[in-house]
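Heads up: the structure comes next, in structure tokens.
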Amino acid sequence: MLEVKDLHVNYGPVNAVHGVSFAAGESQVTVVLGPNGAGKSTSLRAVAGFHKPRAGTVELDGESISGLPAHKVVRRGMSLVPEGRKIFFPLTVEENLRIGGYTASRASGEKTMAEVYDTFPVLGDRRHSAAGLLSGGEQQMLAFGRALMSQPRIMLMDEPSMGLAPTMIETVMASVKVMVDKGIGILMVEQNADAALELADTVVIVTRGETTWTGTAAEARADKTVVHAMLGEAALDES
Ligand SMILES: Nc1ncnc2c1ncn2[C@@H]1O[C@H](COP(=O)(O)OP(=O)(O)O)[C@@H](O)[C@H]1O
Ligand SMILES: [Mg+2]
């Protein structure tokens, strides 16, 4: 279980995050919603060890991981699927996966790669293709697969559906469901609130650098006026 309390993160003098709290548990999906510039990506990157938080606590299974560098966070069992996927286009699918498994021994890496191909057969079919030749949805699966290579208990995902066609968004959300069913806890930032709420157990809204609302997915749906007010243009569709 991941528990983040009262996170503060600065960029130099700029206080981008000042009071973000959220949690993610095994086999659970926590969806983080909020307008552009609210501090969602900054929070995820800080939790994953890419920025040092100025204040706050980050605990994984009851132990502090606050301020640990990213490669150590990965070893503790949490990996980040970054905004924009950050796939290495000239490398093959398999080479991209190996990068995600660099903390594993060769033997366990090969076994985990076989599991990733089992989970996402399209990656196995394309294993020797340059990653840049994959479709957007396939690239997102590769980003998931690369994160799975470190055998995480918790995965952080930053806008996995970004830039994808609606049918691909469904495929990506179905992939997320497969990982949840394996017991992995997911903390997912999404602009596509409707698709994300289908999977969400808990919803967290981050506005201007702080958590301003937390509730169940059912409460988020029922409380549309609150969600609308906080999200503005990214608000839920009327349905
Ligand atoms: N590398 C950076 N240097 C300085 N300011 C940044 C940097 N990255 C993001 N910011 C600022 O931090 C705030 C939060 O950004 P971000 O975490 O990307 O928001 P979100 O993911 O919610 O859209 C914004 O005001 C943004 O302009
Ligand atoms: Mg972002």
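Whatever order the structure lists ligands and atoms in, that order sets their numbers, starting from 1. Values reported hereafter were calculated over all heavy atoms of this structure, with side chains retained and with hydrogens, waters and symmetry mates removed. In this text, all values refer to a predicted model and were calculated from it rather than measured experimentally. In this chain, residues are counted from 1 in sequence order.
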- Item | Name of the residue among V203, V204, V206, T207 meeting side chain to side chain contact (heavy atoms under 4.5 Å, CB included) with W213 | V203
- Task: With salt bridge (Lys or Arg N to Asp or Glu O under 4.0 Å) as the test, would you mind laying out the steps for R153 and D61 before giving the verdict?
- Result: CA-CA 10 Å; R153 298 189 303 285; D61 299 328; 2.5 Å; yes
- Item | Enclosure of R127 CZ (heavy-atom neighbours >12, cutoff 6.0 Å) | yes
- Message: For the NZ atom on K177, are there more than 12 heavy atoms of other groups (residues, nucleotides or ligands in this structure) within a distance under 6.0 Å?
- Response: no
- Task: Evaluate the salt bridge (Lys or Arg N to Asp or Glu O under 4.0 Å) criterion for residues R221 and E219: first the C-alpha distance (whole Å), next the side-chain angles of each, then the deciding distance (0.1 Å), finally the verdict.
- Result: CA-CA 5 Å; R221 285 195 177 284; E219 284 166 347; over 6 Å; no
- Message: Could you tell me if the side chain of L142 sits less than 4.5 Å from the side chain of L134, heavy atoms only?
- Response: yes
- Message: Please check this pair: side chain of H71 against backbone of P69, looking for a donor-acceptor N/O pair closer than 3.5 Å.
- Response: no
- Task: Would you please write out the protein residues whose heavy atoms approach any atom of ligand 1 to under 4.0 angstrom, listed by chain and number?
- Result: Y11, A16, P35, N36, G37, A38, G39, K40, S41, T42
- Note on the structure: Taken to the nearest 0.5 Å, the spacing of R75 CZ from Q151 CD works out to 14.0 Å
- Roughly how far, to the nearest 0.5 Å, is the CG atom of D118 from the CD atom of E115? 8.0 Å
- Task: Work out how many protein N, O or S atoms lie closer to the Mg ion (ligand 2) than 2.8 Å.
- Result: 1
